[in-house]
**Student:** 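Dumping the structure here so I can ask a few things about it.
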Amino acid sequence: MPELPEVETIRRTLAPHVLGQTIKKVRVNWPGAFVLPPKLTPARALREREIVALGRRGKYLLLELDDGATVVVHFRMTGALVYYPRARAGDAHTHVVVNLTNGQLHYTDQRKFGRLQYVPAGELATLACLTKLGPEPTGEDFCLEYFARKLDGKKTAIKAALLDQTIVCGLGNIYADEALFRAGILPFRPAGTLRLSEVFLLYDAVRLTLTQGIAAGGTTFRDYRDGDGHSGSFQNQLRVYGRGAQPCLTCGLPLHKVRVGGRASVYCPGCQH
DNA sequence: CACTAAACCTGGGAGC
DNA sequence: TGCTCCCAGGTTTAGT
């Protein structure tokens with residue numbers, strides 16, 4: 001699914017198309033994709049509302065409307081939100097179609113894990129999935145001291161800690177493995193065993209990897225597309241993710257693939273300690 | 001509290 | 001070619 005770099009890329013590519021546009025019509029083909037308070041319908045909630053801002057928190061995309069309401073989107077594994085300048089037919093995986101003054105937004109999701117949640121004005125601060133999130137990894141509240149304190153004494157694997165959205169938000173399986181490789185740290189090390197110098201290397205690697213992911217327009221391993229329907233290119237810069245048993249690009253040893261915290265994890269036995 | 005498994009879904013790829 | 005099994009970018013919840 002879209003991790004932070006992918007969601008940020010979707011936000012940036014959609015913004016010029018949809019900001020200032022008014023929602024004219026909403027069609028929900030699969031009701032499970034659109035969550036909203038009972039007694040409200042998608043059409044009644046969104047019709048004639050203007051999209052005034054596009055935000056992002058972790059892996060959540062936030063569509064802010066002119067009445068203070070917000071549509072919170074989480075793409076999970078295969079969700080996508082694409083803008084088309086001209087109306088077009090969807091396919092079997094097109095669950096929501098939003099007609100704007102000019103053009104259409106299509107929400108598609110092969111696996112149906114993702115959700116669009118309508119949150120009425122003033123209620124965003126009560127949304128648990130957002131309030132639980134840790135700091136933005138590329139922002140200022142994510143500082144080395146904070147990161148070191150969160151990992152200190154932790155017995156859980158460092159890989160699991162990176163995927164824990166309450167410690168720092170936005171990392172998923174791809175960028176967690178890539179950051180660990182770049183920092184030279186084994187994914188199954190108990191988080192509390194990292195020396196401060198290693199925490200610093202990882203802190204830097206997390207921020208650099210995500211920044212490079214955004215610069216590349218995200219990683220298209222299979223389904224991911226940005227707001228224009230285009231693929232990203234960070235898959236060309238992956239060093240370990242999806243490369244199990246292939247030679248390490250740095251030392252040539254075959255990469256190992258193991259399970260850490262229930263997730264497939266690829267690492268180099270020569271470069272990571 | 002910490003960790004695991006299951007649940008939510010569909011489809012691609014490997015192996016036979 | 002076709003069938004079965006395993007796997008996949010995520011998160012929540014139930015169970016041990």
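Each chain gets a letter, A, B and so on, in the order its sequence line appears, and its residues count up from 1.
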**Student:** What is the distance, to the nearest angstrom, from the CE atom on A:M77 to the C1' atom on C:dG10?
**Tutor:** 6 Å
**Student:** Centroid distance below 5.5 Å plus an interplanar angle below 30 degrees: do A:F113 and B:dC8 meet both conditions?
**Tutor:** yes
**Student:** In whole Å, measure the gap between the P atoms of B:dT10 and C:dT1 for me.
**Tutor:** 26 Å
**Student:** A:W30 or A:R222: which one's nearest nucleotide on DNA chain B is closer to the 5' end?
**Tutor:** A:W30
**Student:** Can a side chain N or O of A:K59 be found less than 4.0 Å away from OP1 or OP2 on C:dG10?
**Tutor:** yes
**Student:** Which part of the nucleic acid does A:T220 contact within heavy-atom distance under 4.0 Å: base, sugar-phosphate only, or nothing?
**Tutor:** base
**Student:** Give A:Y175 one of three labels, base, sugar-phosphate or nothing, depending on what nucleic acid heavy atoms sit under 4.0 Å from its own.
**Tutor:** nothing
**Student:** Between A:H95 and A:Y107, how do the two ring planes meet: parallel, tilted or perpendicular, split at 30° and 60°?
**Tutor:** tilted
**Student:** Can you give me the closest heavy-atom contact between A:K59 and A:L4, atom names plus distance?
**Tutor:** CG-N, 4.1 Å
**Student:** Classify A:A264 by what it touches in the nucleic acid, base, sugar-phosphate, or nothing, heavy-atom distance under 4.0 Å.
**Tutor:** sugar-phosphate
**Student:** Distance between the P atoms of B:dC9 and C:dT4, in whole angstroms?
**Tutor:** 22 Å
**Student:** So what does A:R259 hit on the nucleic acid, given a heavy-atom distance under 4.0 Å: a base, only sugar-phosphate, or nothing?
**Tutor:** sugar-phosphate
**Student:** Counting any heavy atom closer than 4.0 Å, what does A:K154 reach on the DNA or RNA strands: base, sugar-phosphate only, or nothing?
**Tutor:** nothing
